[in-house]
Amino acid sequence: MIPSVLPTYSRAPLSFVKGEGSWLIEADGRRFLDFGAGIAVNALGHAHPALVAALTGQAQALWHVSNLYQIPQQQELADKLVEATFADTVFFTSSGTESCELAVKMTRKYWFEKDQPEKVDILTFEGSFHGRSSAGIAAAGSEKMTKGFGPLLPGFVHLPFGDHDALTAAITDKTAAILVEPVQGEGGIRPLPDVCLKGLRDLCDQHGILLIFDEVQCGMGRTGRLFAHEWAGIDPDIMMVAKGIGGGFPLGAVLATKNAASGMTAGTHGSTYGGNPLACAVGSAVMDHVSDPAFLSEVNRKAALLRQGLEGLVASHPDVFETVRGSGLMLGLRCKVAPGDMVNAAYAQELITVPAADNVVRLLPPLTLTDEEIATALARLDAAAASIRT
Ligand SMILES: *Cc1c(COP(=O)(O)O)cnc(C)c1O
């Protein structure tokens, strides 16, 4: 017998009934400190008053209209994103996967319109994650994601992580773009050093190919800048966004330069839900908070505090933890024990964390967390680590 919900997830035996700021309340009344934030989605925590107001205000006026009509809420959010970033134009989606689809289509159309339709190859990296669609799994290329789902969408070349020589050697006349997460999320919180991001930009400029950043997880203030690539002082041509941008409401976006988007004319792409009034009203409220320099400087201050505490934790549990890595409030504890065991031990302390590849436990708290909550999380992680027998 198959369960009535398709059994594609292995779920923890937890069922939350309410969220308040950085806290999730379980059906039995236990209060969990949420260092997962729906996998970097609840950027402003749970039930943030500004988001509740934006959502309910819009819900009472108009939920959805088709993209056949003008949508002022969409225009407003697009203007804010264009104002705050490298981008000249924005397309709204409802998920990261959909953003990946458009990034791939936009790249192909770009070269088609340039009369170089042979340029179809997108270079991607080991450990990357770009969503679960046919293009997304083909882009990531790992056996875990692709096995059984062939034939895979062609046009992706997979390279080792952080090997600039292998990358340089892989560029051919068929290369259309390089696609990379500035900080790998699912891959185990692996930041690409600024010098590598700059190197990627140089390489793309030198060969006239497009640079695509997947900031679905690391964007929207997560690393202490509005977008993670800003730390390196370089810009992509196309960028995928989702997760944090809706603060919990399904919303995604593709941001692009005028040049990269030049092939995408009326009728070439669309989405029924993408950028509807409800989603964009919430997204706009998220954007107002997260793009505020004062908000971002608080993220950086709190990130430094958390990181310092985590370094201490690693030092006091050398048998459990190997190292801390990441950027801003996108942090990973590389474990010497199975990360699943660490996540379960943290559940027992009423702390939510998220496992990732490469033996890492992810810490992705709401960007609004308080100093006191940082102290609580550190104490709970300490107790969780102490409870693990090694
Ligand atoms: C989550 C994620 C995606 C996919 O987003 P969905 O909203 O789950 O479709 C793509 N890229 C990265 C880097 C992600 O973390």
So that I can tick it off, tell me whether [Y] and [X] are bridged by a salt bridge, with the cut-off set at under 4.0 angstrom between side-chain N and carboxylate O.
{"X": "R307", "Y": "E311", "value": "yes"}
{"X": "R301", "Y": "E298", "value": "yes"}
{"X": "K336", "Y": "D319", "value": "no"}
{"X": "D358", "Y": "R325", "value": "yes"}
{"X": "E181", "Y": "R190", "value": "no"}
{"X": "D235", "Y": "R201", "value": "no"}

Tabulate below the donor-acceptor pairs under 3.5 Å that side-chain atoms of residues 1-9 make, not counting sequence neighbours, or state none.
none

Count I, L, V, M, F, W, Y as connected when their side-chain heavy atoms are under 4.5 Å apart, and connections chain through other members. Are [X] and [Y] then in the same cluster?
{"X": "V41", "Y": "L351", "answer": "no"}
{"X": "V324", "Y": "I388", "answer": "yes"}
{"X": "V314", "Y": "L381", "answer": "yes"}
{"X": "V361", "Y": "L364", "answer": "no"}
{"X": "I189", "Y": "I374", "answer": "no"}

Just by distance, no angles: are the side chains of [X] and [Y] close enough, under 3.5 Å, to form a donor-acceptor pair?
{"X": "Q58", "Y": "Q73", "answer": "yes"}
{"X": "H48", "Y": "N42", "answer": "no"}
{"X": "S271", "Y": "T93", "answer": "no"}
{"X": "Q75", "Y": "D79", "answer": "yes"}
{"X": "E322", "Y": "N359", "answer": "no"}
{"X": "K80", "Y": "S284", "answer": "yes"}

Ring center gap for H158 and F125 short of 6.0 angstrom: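 Centroid distance H158-F125: not below 6.0 Å, so no.
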
Would the number of heavy atoms belonging to other residues, nucleotides or ligands and lying under 6.0 Å from [atom1] of [X] be above 12?
{"X": "F161", "atom1": "CZ", "answer": "yes"}
{"X": "D173", "atom1": "CG", "answer": "no"}
{"X": "E26", "atom1": "CD", "answer": "yes"}

Axial cation check for F321 ring with R334, 6.0 Å and 45° limits: no

ring-ring contact (aromatic ring centres under 6.0 Å, His included) partners for F32, two or more places apart: F16

Non-hydrogen atoms of [X] and [Y] that approach each other most closely:
{"X": "A170", "Y": "L159", "result": "CB-CD2, 3.6 Å"}
{"X": "I137", "Y": "S134", "result": "CG1-O, 3.6 Å"}
{"X": "P160", "Y": "E126", "result": "CA-CB, 4.2 Å"}
{"X": "I209", "Y": "D237", "result": "O-OD2, 4.1 Å"}
{"X": "I71", "Y": "P277", "result": "CG2-CG, 4.0 Å"}
{"X": "S128", "Y": "A140", "result": "O-CB, 3.4 Å"}

H64 and Y273 aromatic ring geometry - parallel, tilted or perpendicular at 30°/60° bounds: perpendicular

Which distance, rounded to the nearest 0.5 Å, do you find between the [atom1] of [X] and the [atom2] of [Y]?
{"X": "E118", "Y": "D121", "atom1": "CD", "atom2": "CG", "value": "10.5 Å"}
{"X": "E98", "Y": "L251", "atom1": "CD", "atom2": "CG", "value": "10.0 Å"}
{"X": "K18", "Y": "L24", "atom1": "NZ", "atom2": "CG", "value": "11.0 Å"}

Any donor-acceptor N/O pair, [X] side chain to [Y] backbone, under 3.5 Å:
{"X": "R30", "Y": "I25", "result": "no"}
{"X": "D292", "Y": "D288", "result": "no"}
{"X": "T124", "Y": "A139", "result": "yes"}
{"X": "Q184", "Y": "F129", "result": "no"}
{"X": "T257", "Y": "A87", "result": "no"}
{"X": "N67", "Y": "G274", "result": "yes"}
{"X": "T223", "Y": "G219", "result": "no"}

E101 vs K105, salt bridge (charged side-chain N to carboxylate O under 4.0 Å, His left out): CA-CA, chis, key distance, verdict: CA-CA 6 Å; E101 289 296 315; K105 284 178 70 179; over 6 Å; no

Identified side-chain contact (heavy atoms from CB on, under 4.5 Å) partner of C218 from the options K243, H229, M330, R225: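 Result for side-chain contact (heavy atoms from CB on, under 4.5 Å) with C218: M330.
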
Close side-chain approach of L81 and M287, heavy atoms under 4.5 Å: yes

Heavy-atom side-chain proximity of K302 to D371 below 4.5 angstrom: yes

Under the side-chain contact (heavy atoms from CB on, under 4.5 Å) test, residues paired with S22 that sit two or more places apart: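 S22: side-chain contact (heavy atoms from CB on, under 4.5 Å) contacts with L33, P366, L369, E373.
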
